[in-house]
Amino acid sequence: DTAVSQTPKYLVTQMGNDKSIKCEQNLGHDTMYWYKQDSKKFLKIMFSYNNKELIINETVPNRFSPKSPDKAHLNLHINSLELGDSAVYFCATGTSGASTDTQYFGPGTRLTVL
Amino acid sequence: AQSVTQLGSHVSVSEGALVLLRCNYSSSVPPYLFWYVQYPNQGLQLLLKYTSAATLVKGINGFEAEFKKSETSFHLTKPSAHMSDAAEYFCAVTNSGGYQKVTFGIGTKLQVIP
């Protein structure tokens with residue numbers, strides 16, 4: 001069983017469209033994250049949820065809206081997609097959100113905006 | 001604010017040679033430090049972490065790292081490189097209190113030459 005799964009794996013879309021990426025975990029962890037990895041492999045945190053509550057909200061355009069319907073799911077909705085949104089988006093989980101937590105990453109969703 | 005600096009975005013070693021990937025940190029409080037590895041087209045996975053216990057930390061796949069406060073370093077080493085070690089390696093630092101917020105380095109791509 002995959003611990004952290006993301007769908008879709010690849011997403012190609014036109015500028016201006018709205019799209020969603022889904023993340024599911026079966027680890028029973030309390031904390032979930034969204035990261036963006038750009039073309040130079042730089043990885044930056046976007047959001048963090050703990051028990052469905054938003055904990056970290058980095059300087060991300062408000063076109064990005066995370067939603068956590070339950071502890072096992074964290075989805076990312078992106079409105080009005082722009083060329084600069086092209087990247088690989090990773091979902092990750094942590095046991096409790098403590099600073100010493102190991103994070104468990106999903107396989108990533110490669111978003112290409114044309 | 002905490003940060004890590006990875007020296008060398010690309011490192012090449014011969015199979016069987018020593019692997020040394022450098023990471024220096026900056027933090028106003030004692031840090032927690034991590035090394036993650038990313039294989040092509042995959043998410044990150046933890047190699048090892050320092051959480052203020054032993055300064056020499058052993059991880060998976062024969063890797064280890066030593067926390068040196070005097071040098072503000074947390075370099076990753078492996079005595080003998082294997083072809084399967086070819087990947088991107090990320091050093092990371094987190095805050096020591098509150099919910100975890102990870103800051104990643106830019107990554108070092110390790111090439112292993114047969």
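Remember, it's a predicted structure, so these values are computed and weren't measured experimentally. All chains are named by letter (A, B, ...) in the order of the sequence lines, taking the proteins before the strands, and each is independently numbered beginning at 1.
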Decide whether B:Lys101 and A:Ser48 meet the rule of one side-chain donor and one side-chain acceptor closer than 3.5 Å.
no
More than 12 heavy atoms of other groups within 6.0 Å of B:Lys109 NZ:
no
Check the hydrophobic clustering (I, L, V, M, F, W, Y; side-chain heavy atoms under 4.5 Å; chains of links allowed) and say if A:Leu11 and A:Met46 are grouped together.
yes
Using the rule that two of Ile, Leu, Val, Met, Phe, Trp, Tyr join whenever any of their side-chain heavy atoms come within less than 4.5 Å, decide whether A:Phe105 and B:Ile60 are in one cluster.
no
Taken to the nearest 0.5 Å, the spacing of B:Gln100 CD from A:Ile56 CD1 works out to 8.0 Å
Proximal component of A:Ser96, with respect to chain B [non-hydrogen, under 4.5 Å]
backbone
Applying a strict 4.5 Å limit to non-hydrogen atoms, the region of A:Leu43 in contact with chain B is both
Pick one of side chain, backbone, both or neither for B:Phe90, based on which atoms fall under 4.5 Å of a heavy atom in chain A.
side chain
Tell me, side chain or backbone of A:Lys44 under 4.5 Å from chain B's heavy atoms, or both, or neither?
neither
Examine distances only and state if a side-chain atom of A:Lys41 and a backbone atom of B:Ile106 form a donor-acceptor pair shorter than 3.5 Å.
no
So which atom in A:Tyr35 and which in B:Val102 form the shortest heavy-atom distance, rounded to 0.1 Å?
OH-CB, 3.8 Å
Given the rule that I, L, V, M, F, W and Y join up when any side-chain heavy atoms are under 4.5 Å apart, are A:Ile21 and A:Val113 in one cluster?
yes
Against chain B, work out which of A:Asp101, A:Thr31, A:Val88 has the most heavy-atom pairs shorter than 4.5 Å and name it.
A:Asp101
Given a strict heavy-atom distance threshold of 4.5 Å, which part of A:Asn50 is in contact with chain B: side chain, backbone, both, or neither?
side chain
For B:Thr94, does its backbone N or O pair with a side-chain atom of A:Ser99 as donor and acceptor, under 3.5 Å?
no
Measure distances from B:Tyr99 to the heavy atoms of chain A and classify the residue's part below 4.5 Å as side chain, backbone, both or neither.
both
Show your working on side chain to side chain contact (heavy atoms under 4.5 Å, CB included) between A:Gln103 and B:Leu44 and close with a plain yes or no.
CA-CA 9 Å; A:Gln103 291 198 10; B:Leu44 282 69; over 6 Å; no
Please walk me through it: do B:Lys49 and A:Thr102 pass side-chain hydrogen bond (donor to acceptor under 3.5 Å, both in side chains)?
CA-CA 8 Å; B:Lys49 62 182 176 182; A:Thr102 295; 3.0 Å; yes
Using the rule that two of Ile, Leu, Val, Met, Phe, Trp, Tyr join whenever any of their side-chain heavy atoms come within less than 4.5 Å, decide whether A:Val12 and A:Leu83 are in one cluster.
no
If you group Ile, Leu, Val, Met, Phe, Trp and Tyr by side-chain heavy-atom gaps below 4.5 Å, do B:Val37 and B:Phe63 land in one group?
yes
Taking everything shown except B:Asn41 itself, do over 12 heavy atoms lie less than 6.0 Å from its CG?
no
Which atoms of B:Glu88 come close to chain A, meaning under 4.5 Å heavy atom to heavy atom: side chain ones, backbone ones, both, or neither?
side chain
Heavy-atom pairs under 4.5 Å with chain A - which of B:Leu33, B:Thr103, B:Leu46 has more of them than the others?
B:Leu46
Would one find more than 12 heavy atoms of other residues, nucleotides or ligands at under 6.0 Å from atom NZ of B:Lys58?
no
Give the intermediate values and the outcome of side chain to side chain contact (heavy atoms under 4.5 Å, CB included) for residues B:Phe104 and A:Phe42.
CA-CA 8 Å; B:Phe104 285 91; A:Phe42 182 63; 5.6 Å; no
